[in-house]
Amino acid sequence: MSTTTGVHALVRRTHEERVLAALRAHGALSRGELAKRVGLSRTTLSEITANLLQRGAIIVADTDAATRAGSGRPAERLALDPDSGQFLGVDFGHRRVHVAVADASHEIIAQGVERYDDDPPWAERLEIAFDLIDRLSRDTGVHFGALQSIGIGVPGPYTGARAGTPAVSWKNQLAPDGVDRAFAERFGAPVVVDNNTRLAALAEAISRPDAVDNLIYLRLSDGVGGGLVVSGRLVTGSRGFAGELGHVTANPSGAACRCGKRGCLETIASVPAILRACSEAGADVENLADLAAAVAKGDPAVDAVLREVGSTVGRVLGAAAMTLNPREVVIGGEIVRIAPVLVEQAAATLRYELYSIPSDQPHIVRAAQLRDSDGALGAIAAIFHQSPLLAGYPDAGASAEPVQQQRSAR
């Protein structure tokens, strides 16, 4: 993309955002009312609204005939199309896919989740994801004929195809090759793919009221992954492996990991590993609901398991924090809401690990607002491409290869 073209695209996008924000805040407005509120000339506004109408981001809601004073042709009033999905975020986990849909004003208008067996083939995951998207469309009325961009999170690590180098994952696992192409062909929109936990870290960082310049994010879910914000930038690393804390060795003689090693943090602190450890300790725990019940009644076996897991998490985070000196360490995932003692123990261990540092220690928090949808929301945030955390990050609109326009109105 040339510099001139890029500047023009940025200016156009800025104008569009101002128009969409005004419609979001004030409801249906005539073009004259819009021009006054956003400070654009009528000519520029006409071009912007024509493009938004053509894309399906806005609609002609009605006219001002009922309130218009005097004679003259009634003016059309424009409004956001409440059913137009403009941005699609997809988070493929090891055992589930989560989909979130945002409208032109970046509001989430639909989301859903579908579970599957552990690490099925990618063709099967894609079919499940497309079925989920179709079902969301049927159930909510959201349509995707005007979809602008798609962000996809996949279990890490995911390097992407960089400088002609094929995408890779772990040595004993195939990368999700073709995921971007499948979505692009189905929806006719540019696609960005990245590690889902890195995208979750982005969602957490930008959701906070104050800027977070240095942050370590760890998500405990069906797997364990991490994301790093260093000096105000979301870090990917030279090949996209930055932040893979789930595959730091925590117990060299521990259980075999999906990555091919033994004793990775994921074999201890992932949700399946925690549930298995609780069961082996004699607790009647098969799922997160059972775990929540056991925590609520103070089951001592479960409490011991969670504290041991928290200690292990704290030691791994301590090594990372000693290296990166973050301002905040965030532990996310649904399990931290169910078992806060895990976070408390991790925080206590981390304080010990960093005791020798003669400065303020990092704040230990959990994902305060975001739940298991954080990866899908982070995928949408990445394609908005508005946060300064994304400086140098791939831009879906700039980097995507041309795709045949096969927009699905489903």
Less than 3.5 Å apart, any donor N or O on the side chain of Arg276 or Ser279 sitting next to an acceptor on the other? no
Do any N or O atoms from the side chain of Ser30 and from the backbone of Glu33 form a donor-acceptor pair under 3.5 angstrom? yes
Could you note down all residue pairs passing salt bridge (charged side-chain N to carboxylate O under 4.0 Å, His left out) where residues 262-271 supplies at least one of them, sequence neighbours left out? Arg258-Glu266
Between Val316 and Ala250, what is the shortest heavy-atom contact and its length? CG2-CB, 4.4 Å
Minimal non-hydrogen separation, Ile274 against Ile335, with atom names: CD1-CD1, 3.5 Å
So among Val305, Asp299, Val302, Val271, which one has a side-chain contact (heavy atoms from CB on, under 4.5 Å) with Leu291? Val302
Min side-chain heavy-atom separation Ile152-Val191 under 4.5 Å: yes
Do side-chain atoms of Ser137 reach the backbone of Ile133 as a donor and acceptor pair under 3.5 angstrom? no
Steps toward salt bridge (charged side-chain N to carboxylate O under 4.0 Å, His left out) verdict (Lys297, Asp290): CA-CA 11 Å; Lys297 71 179 183 181; Asp290 293 340; over 6 Å; no
Check whether Thr49 reaches the backbone of Ser46 with its side chain - one donor and one acceptor, N or O, closer than 3.5 Å. yes
Please determine whether the number of non-hydrogen atoms from other residues, nucleotides or ligands lying under 6.0 Å from atom CG of Asp284 exceeds 12. no
Which distance, rounded to the nearest 0.5 Å, do you find between the OG of Ser41 and the NE2 of His15? 8.0 Å
Less than 3.5 Å apart, any donor N or O on the side chain of Ser84 or Gln86 sitting next to an acceptor on the other? yes
Could you state the interatomic distance from OG1 (Thr312) to CZ (Arg307), rounded to the nearest 0.5 Å? 13.5 Å
Going by atom types alone, do Thr63 and Glu76 pair a side-chain donor with an acceptor below 3.5 Å? no
Cation over ring face, Arg186 and Phe130, 6.0 Å, 45°: yes
Between Leu215 and the options Leu234, Leu324, Leu228, Val229, the side-chain contact (heavy atoms from CB on, under 4.5 Å) test singles out Val229
Does any non-hydrogen side-chain atom of Arg77 lie less than 4.5 Å from one of Leu29? no
Between the CG atom in Asp81 and the CD1 atom in Ile58, the distance rounded to the nearest 0.5 Å is 9.5 Å
Can you check whether Gly226's main-chain N or O pairs, donor with acceptor, with Tyr217's side chain at less than 3.5 Å? no
